[in-house]
Amino acid sequence: MINKNKWMNVGFSAALTAGLLTGCASGNGKENAGANTNTNTAAGEETKQESITLTWFDGNTKGEPFTDAVAQEITKRTGIQVSIQQPTGNPTEKLSLMLASGDYPDVVLMSRGDASLDKYITSGAFIPLDDLIEKFGPDLKAMYGDTLQKTRYKDGKNYYFANWYGLDSDPVFGMNIRQNLLEELAPDKADGSTPFTTDEFEALLKSFKAKYPTIDGKESIPMAMNGENMGAILGTFKGMWGLKTYYDNNGTLQYDVKDPKYREMMMYINRLYREGLIEKEFAISKTQTWIQKLATGAVFATPAAYWDPGNGNAALKKDGGVKNQLFAYKVVAPGIDPAQTTFGPRSSLGWDAIGITKNNKHPEETMKLFNFLASDEGQHLLLWGLEGQQYTMVDGKRQPDPAFLQSFKDNWDDTVKKSGVRKWLWFIKNGLDPNGQPYDLAVKYQRSEGDELAIKSLGDSVWDTAEFDNLNPDGGTPEALTAQKVKDIMDQSITRTIIANSEEAANATFDKMLADMKKAGDEEVEKIINQKYKERMELWASN
């Protein structure tokens with residue numbers, strides 16, 4: 001799906017004359033975009049101009065060369081030579097090494113949550129883009145809209161473009177339940193139109209355990225949990241209680257665990273564990289083991305992003321058909337409005353940041369390339385492919401080739417590699433194009449059964465995390481070390497609370513966590529979080 005499993009390198013090249021990019025802001029002048037000569041009228045002879053090569057660090061690349069059809073078309077439209085600098089090892093470490101040495105490429109794409117982003121801005125490694133946007137970015141301005149207002153740095157300037165920006169309307173987390181078994185045990189809820197209460201869900205797990213102590217000779221598991229992905233586990237349960245990134249305590253942001261509803265949530269999970277409804281060894285479970293368990297058919301439910309059981313679901317579908325799969329359902333805690341659940345944390349400001357470095361000798365040409373890629377035309381090239389190959393125009397709308405769509409279902413990686421569609425994910429905008437069609441053809445044009453039920457059941461629980469993103473202390477500061485200590489205390493205590501042997505012990509463990517957090521200095525971290533939040537809100541409100 002759209003998970004951010006990233007990191008490897010790519011290289012690609014193309015050619016262009018410096019003087020020909022003035023017309024590519026909206027894809028104009030395409031007929032001449034590939035020319036590499038210029039007539040010197042004064043001398044009366046034709047001379048070749050030096051081609052432009054841009055080096056580009058992309059922490060998301062997977063090691064494929066920029067030679068596919070989409071890549072070649074980008075070269076044809078813009079002509080710029082590009083060489084992607086492939087990260088080796090940890091991208092964050094590579095970013096730090098590049099910054100320390102000053103040996104960074106012309107363009108850098110990094111995670112917006114990476115501590116390196118602030119360092120690249122404050123050190124001057126990223127140049128301000130505002131003047132370049134005004135001169136050469138009409139399509140960028142049109143596509144990004146007020147996102148450019150919200151991605152400004154605290155000095156009021158833009159230093160990067162967001163990637164995968166715009167609020168994605170798809171949910172994220174849900175309680176994934178085997179649909180065919182659900183039709184037996186709670187047929188009125190199987191279509192996803194009516195949510196479960198937490199009490200109903202607990203009763204459902206017990207009913208499953210009583211009716212199916214074993215499945216195909218294996219001990220059944222009412223609820224499996226992937227201990228390697230506690231974020232997904234907690235994200236699912238937090239969704240039930242309507243919890244967000246922070247606890248808003250009368251206008252002051254605090255750690256989410258300080259919300260009284262968080263304690264209620266933890267006591268609920270602990271009760272499920274003590275009743276034998278959650279597998280005992282979940283804390284040491286790894287992703288591969290979790291998927292293997294799902295694939296056996298012995299698991300009834302699992303908290304996760306709705307796409308996470310993908311490989312397990314593929315095996316289940318092969319064995320028993322569509323309804324044999326795990327589908328995402330909504331469970332709602334007591335006193336929570338189902339429409340106020342928070343199963344879909346999405347940031348409208350996106351995943352990544354794309355900036356131009358001070359080492360770039362061709363910032364104007366780079367901005368023109370950016371402008372093309374971010375335009376409606378560029379986005380469709382990146383995500384739909386080439387007209388006449390991957391799609392045709394019918395009554396003013398794009399009609400994808402059915403065989404091409406099917407190829408994504410049959411072999412996603414092979415299709416991306418061969419076609420180039422959805423391989424180069426730059427300046428990507430979520431949502432619909434001006435024709436009302438999704439930009440993301442492969443994922444959102446023809447939805448799977450799992451997608452459709454997740455959207456039906458959980459679509460109203462999507463919320464924008466942008467205002468709370470990246471408020472932690474700056475890396476390298478004493479407060480950052482404190483924040484890490486607090487996080488470690490939380491991570492360790494949450495698991496201990498879940499596996500406590502009584503409700504009294506669970507509450508005691510939770511109380512100790514709060515005391516340890518305070519002792520470690522959590523309130524000092526919260527002061528910084530609130531100061532950053534205040535500055536952000538003031539910046540967003542300014543012109």
Side-chain angles (χ1 to χ4, degrees), residues 173-227 232-233 236-237 239-241 264-285 289-304 306 308-309 312-313 315-317 319-334 338 450 453 457-458 495 497-506:
F173 306 115
M175 187 56 70
N176 297 272
I177 305 173
R178 287 270 301 282
Q179 190 176 58
N180 54 1
L181 296 176
L182 187 57
E183 287 181 334
E184 293 181 28
L185 301 169
D188 58 321
K189 304 278 184 143
D191 69 352
S193 59
T194 307
F196 294 93
T197 66
T198 48
D199 287 343
E200 288 172 337
F201 179 65
E202 183 177 356
L204 181 64
L205 293 176
K206 291 177 179 177
S207 296
F208 167 77
K209 185 178 180 181
K211 186 171 183 178
Y212 293 99
T214 62
I215 291 181
D216 294 333
K218 306 178 187 69
E219 183 180 358
S220 66
I221 304 173
M223 189 191 302
M225 300 202 305
N226 180 8
I233 295 172
T236 301
F237 283 100
M240 299 179 191
W241 267 263
E264 293 176 20
M265 177 191 85
M266 291 304 301
M267 295 306 108
Y268 177 75
I269 305 173
N270 170 255
R271 185 169 73 247
L272 297 182
Y273 184 81
R274 286 186 288 108
E275 291 174 344
L277 302 176
I278 296 175
E279 59 176 334
K280 292 298 182 184
E281 67 276 16
F282 85 88
I284 59 172
S285 177
T289 304
W290 173 71
I291 288 291
Q292 289 171 349
K293 289 179 181 177
L294 300 185
T296 66
V299 175
F300 178 63
T302 188
Y306 75 84
D308 281 345
N313 268 343
L316 291 170
K317 184 176 181 179
D319 289 342
V322 170
K323 293 185 177 182
N324 199 40
Q325 299 175 101
L326 293 132
F327 289 83
Y329 292 87
K330 179 185 288 190
V331 181
V332 184
L453 196 140
S457 178
L458 300 154
T495 300
T497 302
I498 292 174
I499 65 175
N501 59 14
S502 68
E503 184 174 348
E504 182 181 17

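Please read these numbers as outputs of a predicted model, since none were measured by experiment.
Side-chain contact annotation: R178 with N324, donor-acceptor N/O pair under 3.5 Å present. With no hydrogens or angles considered, a side-chain donor-acceptor pair links D191 and S193 at under 3.5 Å.
Taking the side chain as every heavy atom from C-beta outward, D308 and N226 never approach each other to under 4.5 Å. Counting heavy atoms from C-beta outward, K317 and K323 have side chains that stay 4.5 Å or more apart. A heavy-atom distance below 4.5 Å is not found between the side chains of M175 and K330. In this structure, the side chains of F282 and I498 come closer than 4.5 Å at one or more pairs of heavy atoms. The side-chain heavy atoms of Y329 and Y306, taken from C-beta on, include no pair separated by under 4.5 Å. A 4.5 Å side-chain heavy-atom check between F237 and I269 finds at least one atom pair inside the cut-off. Looking at M267 and T497, their side chains come closer than 4.5 Å, going by heavy atoms from C-beta outward. For the pair L185 and F300, the minimum side-chain heavy-atom distance is below 4.5 Å.
Within a 6.0 Å radius of CG in D216, other residues, nucleotides and ligands contribute 12 heavy atoms or fewer. More than 12 heavy atoms of other shown residues, nucleotides or ligands fall within 6.0 angstrom of atom CD in E183.
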Applying side chain to side chain contact (heavy atoms under 4.5 Å, CB included) to V322 and F327, what does each step give before you reach the verdict? CA-CA 10 Å; V322 170; F327 289 83; 4.0 Å; yes

Run the numbers on T194 and D188 for side chain to side chain contact (heavy atoms under 4.5 Å, CB included), then give the verdict. CA-CA 8 Å; T194 307; D188 58 321; over 6 Å; no

Give the intermediate values and the outcome of salt bridge (charged side-chain N to carboxylate O under 4.0 Å, His left out) for residues E281 and K293. CA-CA 12 Å; E281 67 276 16; K293 289 179 181 177; 3.2 Å; yes

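Atoms CG and CD, from L453 and Q325 in turn, are 11.0 Å apart once rounded to the nearest 0.5 Å. Between the CD1 atom in I278 and the CG atom in L272 there is a gap of 5.0 Å [rounded to 0.5 Å]. Atom-to-atom distance recorded for Q292:CD and S285:OG is 9.5 Å, nearest 0.5 angstrom. With values rounded to the nearest 0.5 angstrom, F208 atom CZ is found 6.0 Å from L181 atom CG.
N270 places a side-chain N or O within donor-acceptor distance of the main-chain N or O of A500, the cut-off being under 3.5 Å. Judged purely by atom type and a 3.5 angstrom limit, N501 has no side-chain atom pairing as donor or acceptor with the backbone of I499. N176 places a side-chain N or O within donor-acceptor distance of the main-chain N or O of T302, the cut-off being under 3.5 Å. Between the side chain of E279 and the backbone N or O of I221, no donor-acceptor pair lies under 3.5 Å. S502 places a side-chain N or O within donor-acceptor distance of the main-chain N or O of A505, the cut-off being under 3.5 Å. S220 places a side-chain N or O within donor-acceptor distance of the main-chain N or O of Y212, the cut-off being under 3.5 Å.
Judged as a salt bridge (Lys or Arg N to Asp or Glu O under 4.0 Å), and not counting sequence neighbours, the contacts of E200 are K189. Shown here are the ring-ring contact (aromatic ring centres under 6.0 Å, His included) partners of F196, two or more places apart in sequence or in another chain: there are none. E202 is linked by a salt bridge (Lys or Arg N to Asp or Glu O under 4.0 Å) to K206, R271, counting only residues two or more places apart in sequence or in another chain. A search for side chain to side chain donor-acceptor pair (under 3.5 Å) contacts involving Y273 returns nothing, not counting sequence neighbours. Applying the salt bridge (Lys or Arg N to Asp or Glu O under 4.0 Å) test to K209 and every residue at least two apart in sequence or in another chain returns nothing. Looking at residues two or more places apart in sequence or on another chain, you find a side-chain contact (heavy atoms from CB on, under 4.5 Å) between E264 and W241.
The two residues E219 and A298 come nearest to each other via the heavy atoms O-CB, 3.9 Å. What you find for A295 and A315 is that their closest heavy atoms are CB-CB, 3.8 Å. Of all heavy-atom pairs between T198 and A333, the closest is CG2-CA, 3.7 Å. Residues L204 and A186 approach most closely at CD1-CB, 4.1 Å, considering heavy atoms. Counting all heavy atoms, side chain and backbone alike, P195 lies closest to V332 at CB-CG2, 3.8 Å. Of all heavy-atom pairs between A190 and L182, the closest is CA-CD2, 3.8 Å.
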